[in-house]
There are 2 protein chains.
Amino acid sequence: MSLGHDAALTQLRAFLASAGLPFNSRLPPERELSETLGVARPVLRKALAVLEQEGQIWRHVGKGTFVGSRPLDTHADIAAVARRTNPAEVMRTRLLLEPEVAAQAAVGATPAQIQEMRNCIERSRSTESWRQYESWDNRLHRLVAEATHNELLLALLDTLNAVRRTVTWGRLRPDRASPPPDHHSFTEHEEIVAAIEDRDVQRARDSMRRHLEQVERKLLRPQSS
Amino acid sequence: MSLGHDAALTQLRAFLASAGLPFNSRLPPERELSETLGVARPVLRKALAVLEQEGQIWRHVGKGTFVGSRPLDTHADIAAVARRTNPAEVMRTRLLLEPEVAAQAAVGATPAQIQEMRNCIERSRSTESWRQYESWDNRLHRLVAEATHNELLLALLDTLNAVRRTVTWGRLRPDRASPPPDHHSFTEHEEIVAAIEDRDVQRARDSMRRHLEQVERKLLRPQSS
DNA sequence: CGTTGAACCAATGCGTGATTGGTTATCGCG
DNA sequence: CGCGATAACCAATCACGCATTGGTTCAACG
């Protein structure tokens, strides 16, 4: 019985119409459905592919076939994202976001915020461990984000940072050592804050980008001084 | 041997110092650690509680005890962010992110992804309701994000879109109407995809920015045709 | 040339049992 | 009584194996 795939398609449509399944409900697996409809699996699959193309159903390996439109998988879970990504992607994303964030911070930063940024830099200079340094570094970058006065952007950057902290678990520095006084970030941080203080949008953007490029260089080649 | 809990605490500190465990690494379970240190579990637990209070370690049932600070579960509370932000901020953030996303998509998009983009545009032209149109529009923008091959960036954009949908939940369009055939987004979408297909990074960035600026204009003055 | 049937693959879901931090109870010892 | 050691138990989590499911390949058949 060589039912053409067009015949199988009409038969499948009739089945769905008669079943009257609600949205997001699962319909029988392919093997079972092919037997109920009396068509071979490859033919049934072609018919299902048509319905999927039409947006009437969506399928996923291991889960099944469902009625309605595919729910976009919100990767909001930090740990799940951290598992899929890698340090290189994190840096690419920071380079995409943070220069523009610094630019907008140069527009909206309040004097109090700028003062707090300087405070962070000062304290980061006199830490006794990399761990403390990173704490002040994080706080500085978040202050820049707050200075944009964009709550949504701030939330996105918080998510990014949470992922960053999770994903860089492989890197272990000897916590005994402390950042050297000529650490490149010190002067770079000061350039960024100075640009923000001068309301120099372009310079804020550029200095942040240069800073992150340096960080990226260190990250990919940690042995280079 | 009644070792006071203070003695156990110093012993535990010595153990952690000698072990030199990296951040986010798990240390032995309580039962095992109590045996190696020669102290009873309740006493060890008190010492661990002190370290946890100090922020040096964090614990969770079923997972274990870990070095460092507890990973803050800012699991992107969409609703909370949506309450703090507003449509203008959403558009500012989209304008900050998506042009650069389009640029990177122009670099990494696969032929299959480009074909799928064209498919989205075609289907969005022949929808019968704004709701269906927005569904295809969302899918198109997400395809562009996927084409960057940056899982972290994709997750951030998903969060942004979730917030956007929540924020614009109040304003509903009459769903019986359908997008007019000369809707500005049609040609703009095609420009974006064409630029991506041509691997023209700058043009992809510019066309996406122009598109979003148009969307912003419509959003702020929805009555203007 | 298309259809069929079968086997295989990778991703997912599920159930079972082990592991782990947290809690409670009991006993020993001063 | 007070303090600590020991044990048992609880709930959350994880690790593992196994079945299921969509996706793919391939040989056989008409």
Side-chain angles (χ1 to χ4, degrees), chain A residues 1-12 16 21 24-71 73-75 77-80 82-84 166, chain B residues 1-12 16 21 24-71 73 75 112 116 151:
Chain A
M1 46 194 296
S2 71
L3 292 172
H5 59 279
D6 47 354
L9 179 56
T10 58
Q11 197 170 358
L12 179 57
L16 287 180
L21 299 166
N24 296 359
S25 68
R26 222 188 74 176
L27 51 87
E30 292 183 355
R31 292 162 177 80
E32 190 177 324
L33 196 56
S34 67
E35 191 170 2
T36 350
L37 298 184
V39 299
R41 197 152 87 97
V43 184
L44 171 65
R45 284 183 53 72
K46 285 181 183 174
L48 285 170
V50 174
L51 291 190
E52 187 182 20
Q53 202 66 16
E54 291 176 356
Q56 300 199 19
I57 62 173
W58 64 274
R59 303 184 278 172
H60 195 320
V61 191
K63 297 174 96 150
T65 307
F66 299 84
V67 186
S69 58
R70 164 180 283 103
D73 45 347
T74 165
H75 294 167
D77 185 7
I78 307 292
R83 240 175 286 127
R84 287 196 196 81
T166 308
Chain B
M1 45 194 298
S2 72
L3 292 172
H5 60 278
D6 47 353
L9 179 56
T10 58
Q11 198 170 358
L12 179 56
L16 287 181
L21 300 165
N24 295 3
S25 69
R26 222 187 73 177
L27 50 87
E30 293 182 354
R31 292 163 177 80
E32 189 178 324
L33 196 57
S34 68
E35 191 170 1
T36 50
L37 296 185
V39 298
R41 198 151 85 96
V43 185
L44 172 64
R45 283 183 54 72
K46 286 181 183 175
L48 286 171
V50 174
L51 291 190
E52 188 180 20
Q53 200 66 17
E54 291 176 355
Q56 300 200 20
I57 61 173
W58 64 275
R59 301 185 277 173
H60 193 346
V61 191
K63 298 174 92 154
T65 307
F66 299 83
V67 186
S69 56
R70 165 178 281 101
D73 53 342
H75 58 78
E116 192 64 19
E151 292 285 339

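Values in this document were obtained by computation on a predicted structure and should not be read as measured data. Chain letters run A, B, ... following the sequence lines, proteins first and then strands; every chain starts at 1. Hydrogens, waters and symmetry mates are skipped; everything else that's a heavy atom, side chains included, is used.
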Identify which one of A/Leu44, A/Leu27, A/Val50, A/Val43 satisfies the side chain to side chain contact (heavy atoms under 4.5 Å, CB included) criterion when paired with A/Leu12.
A/Leu44
Can you tell me how far [atom2] of [N] sits from [atom1] of [X], to the nearest Å?
X       : N      : atom1 : atom2 : value
B/Glu52 : C/dT20 : CD    : P     : 17 Å
A/Leu37 : C/dT4  : CG    : C1'   : 16 Å
B/Trp58 : C/dG22 : CH2   : C1'   : 15 Å
A/Phe66 : C/dA11 : CZ    : C1'   : 13 Å

Mark yes when over 12 heavy atoms from residues, nucleotides or ligands other than A/Gln56 sit less than 6.0 Å from its CD; otherwise mark no.
yes
Qualifying residues under salt bridge (charged side-chain N to carboxylate O under 4.0 Å, His left out), relative to B/Glu54, sequence neighbours excluded
B/Arg13
Taking the side chain as every heavy atom from C-beta outward, state whether A/Thr65 and A/Leu51 have any pair of such atoms under 4.5 Å apart.
no
Side chain to side chain contact (heavy atoms under 4.5 Å, CB included) partners for A/Arg31, two or more places apart:
A/Arg41
Quick one: which protein N/O atoms are closer than 3.5 Å to N/O atoms of nucleotides 17-22 of chain D? Pair and distance per line, please.
residue, atom, partner, partner atom, Å
D/dT21, OP1, A/Arg26, NH2, 3.0
D/dT21, O2, A/Gly62, N, 3.2
D/dG22, OP1, A/Thr65, N, 3.3
D/dG22, OP1, A/Thr65, OG1, 3.0
D/dG22, OP2, A/Glu30, N, 2.8
D/dG22, N7, A/Arg31, NH1, 3.1
D/dG22, O6, A/Arg31, NH2, 2.9

Minimal non-hydrogen separation, A/Ser25 against A/Leu21, with atom names
OG-CB, 3.4 Å
